[in-house]
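What follows is a set of notes on a single structure, which appears directly below.
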Amino acid sequence: MTMSTQTTQTVLVTGASSGIGQGIAIAFGQQGANVIINYHSDEEEARETLKQVEQGGGKGIVCKADVGKEEDVTRMFQEAIDAFGTVDVLVSNAGIQKDNAFAEMTLEEWNKVMTTNLTGYFLCAREAIKIFDKKPTPSPEDKAKGNIIFMSSVHDIIPWAGHVNYASSKGGILMLMKSLALEVAPKKIRVNGISPGAIATDINADVWQDEEKKKELMKLIPYKRIGVPEDIAKVAVWLASPESDYITGTTIYVDGGMTLYPGFVDNG
Ligand code: NAD
């Protein structure tokens with residue numbers, strides 16, 4: 001993938017104090033972007049992200065906000081406007097897991113995951129669309145005036161026992177992404193998803209830091225390696241660039257083949 005030289009983008013990344021979000025913020029920094037680095041609780045790591053964004057040649061601010069709270073989200077976008085005048089790209093990435101057997105799952109565990117992973121994506125996307133709507137609509141020959149990228153998961157199509165709340169939220173993101181993409185395409189706003197497979201971050205550290213569990217996980221990855229945040233970050237940068245301008249309403253699976261029915265690798 002080639003990255004085109006383009007005018008400075010202003011990019012808001014949620015959950016950017018760790019893992020995939022941190023990797024994405026840094027990758028946009030390397031493109032010279034202005035990056036709004038959202039974090040929930042770890043200010044120190046958010047500042048580390050900012051340091052690396054600046055080292056890469058970008059500019060940025062850190063912004064504490066809970067993406068599941070409407071007032072936090074509207075304030076965050078206002079802070080973005082105050083700092084950089086607009087937003088060109090939203091990467092809605094903040095997400096959590098609260099796993100439990102279905103019969104044991106509490107309403108709190110269900111609601112917490114839905115509020116962060118699905119309602120949070122709705123709230124952030126809505127504020128982004130309002131900002132994009134203020135820009136004049138380009139002619140059909142011109143490039144998009146705004147881009148939204150939803151960080152989903154292979155579990156938007158792979159069912160996941162013991163994680164029904166998480167898989168339901170990611171399945172919801174798939175239809176949120178497609179329906180919104182359809183609604184705003186005539187305004188030249190693009191909306192896409194990235195669905196990672198297994199990427200080594202905090203969210204699944206219990207798996208990739210344990211040799212036995214890692215061996216089991218490898219059976220699900222035909223390409224035989226766990227991903228790293230940079231694998232996702234490169235796709236996000238490209239998906240937000242004019243290079244991918246004709247893509248909207250699509251999910252890119254970045255999963256080392258996890259969605260290829262790995263059980264059939266040796267003839268089934
Ligand atoms: P992570 O735990 O490192 O990152 C999640 C981030 O979201 C954290 O920085 C956390 O503070 C933030 N966050 C949580 N609740 C929040 C809230 N209410 N408001 C704002 N921020 C909040 O894990 P990650 O792997 O980097 O996850 C990033 C995204 O990628 C998630 O949506 C996750 O579902 C998705 N994903 C990850 C994997 C993987 O294998 N790591 C696979 C598929 C999808």
Side-chain angles (χ1 to χ4, degrees), residues 6-43 45-54 56-95 116-135 144-152 173 176-177 180-181 184 189-194 229 232-233 235-241 244:
Q6 55 188 21
T7 50
T8 304
Q9 287 180 312
T10 297
V11 185
L12 191 153
V13 186
T14 67
S17 63
S18 66
I20 292 171
Q22 186 169 51
I24 288 173
I26 292 166
F28 274 106
Q30 288 163 353
Q31 301 291 310
N34 304 319
V35 189
I36 296 94
I37 298 158
N38 161 251
Y39 71 99
H40 181 256
S41 37
D42 194 344
E43 181 175 354
E45 269 306 305
R47 297 219 167 269
E48 175 57 31
T49 309
L50 175 59
K51 198 173 110 192
Q52 293 198 45
V53 163
E54 289 172 345
K59 292 193 186 120
I61 56 167
V62 298
C63 183
K64 182 177 168 70
D66 180 338
V67 295
K69 292 193 175 145
E70 191 170 26
E71 63 277 16
D72 279 25
V73 172
T74 48
R75 176 185 43 77
M76 174 169 69
F77 276 84
Q78 191 53 53
E79 284 180 29
I81 296 288
D82 293 347
F84 299 115
T86 192
V87 173
D88 304 302
V89 180
L90 162 67
V91 183
S92 201
N93 162 82
T116 304
N117 295 13
L118 192 53
T119 308
Y121 281 36
F122 155 69
L123 290 171
C124 290
R126 192 184 59 180
E127 293 314 302
I129 296 288
K130 284 183 196 165
I131 292 171
F132 299 162
D133 277 348
K134 293 203 173 102
K135 306 180 194 184
K145 66 175 176 178
N147 260 288
I148 294 177
I149 297 171
F150 290 126
M151 198 56 57
S152 185
I173 289 169
L176 166 65
M177 181 276 290
L180 179 58
V184 299
I189 297 169
R190 299 197 292 125
V191 185
N192 290 290
I194 298 176
I232 307 298
V235 178
V237 168
W238 178 75
L239 207 42
S241 80
S244 60

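Positions are given from 1 along the sequence.
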Close side-chain approach of [X] and [Y], heavy atoms under 4.5 Å:
X	Y	answer
Val62	Arg47	yes
Lys135	Asp88	yes
Ser241	Gln31	no
Val35	Ile26	no
Met76	Thr14	yes
Thr116	Val67	yes
Tyr39	Thr49	no

Looking only at heavy atoms, what is the nearest atom pair of [X] and [Y], with distance?
X	Y	result
Met151	Asn93	CG-OD1, 3.4 Å
Val89	Gln9	CG2-NE2, 3.7 Å
Asp42	Ser17	O-CB, 3.7 Å
Leu239	Arg190	O-NH2, 3.0 Å
Thr8	Ala33	CG2-CA, 4.2 Å
Ala125	Leu180	CB-CD2, 4.0 Å

Does [X] have any side chain to side chain contact (heavy atoms under 4.5 Å, CB included) partners at least two apart in sequence or in another chain, and if so, which?
X	answer
Ala233	Ile24, Ala27
Ala128	Phe77, Leu90, Phe132, Ile148
Thr74	Glu127
Glu48	Gln22, Glu45, Lys51, Gln52

Identify, with sequence neighbours excluded, every residue that meets salt bridge (charged side-chain N to carboxylate O under 4.0 Å, His left out) alongside Glu54. none

Going through the distances and angles, do Thr10 and Asn34 end up as a side-chain hydrogen bond (donor to acceptor under 3.5 Å, both in side chains)? CA-CA 5 Å; Thr10 297; Asn34 304 319; 3.1 Å; yes

Value rounded to 0.5 Å, distance of [atom1] in [X] from [atom2] in [Y]:
X	Y	atom1	atom2	answer
Ile81	Thr86	CD1	OG1	5.0 Å
Glu70	Cys124	CD	SG	11.0 Å
Ser152	Asn192	OG	CG	12.0 Å
Leu123	Asp66	CG	CG	9.5 Å

Tyr121: which residues meet the ring-ring contact (aromatic ring centres under 6.0 Å, His included) condition with it, sequence neighbours left out? Phe150

Output yes when a side-chain donor or acceptor of Asn38 lies under 3.5 Å from a complementary backbone atom of Gly15, and no otherwise. yes

One thing to verify: whether Glu71 and Arg75 come together as a salt bridge, which I'm taking to mean a side-chain N less than 4.0 angstrom from a carboxylate O. no

Trace of the side-chain contact (heavy atoms from CB on, under 4.5 Å) decision for Ile173 with Leu118: CA-CA 6 Å; Ile173 289 169; Leu118 192 53; 3.9 Å; yes

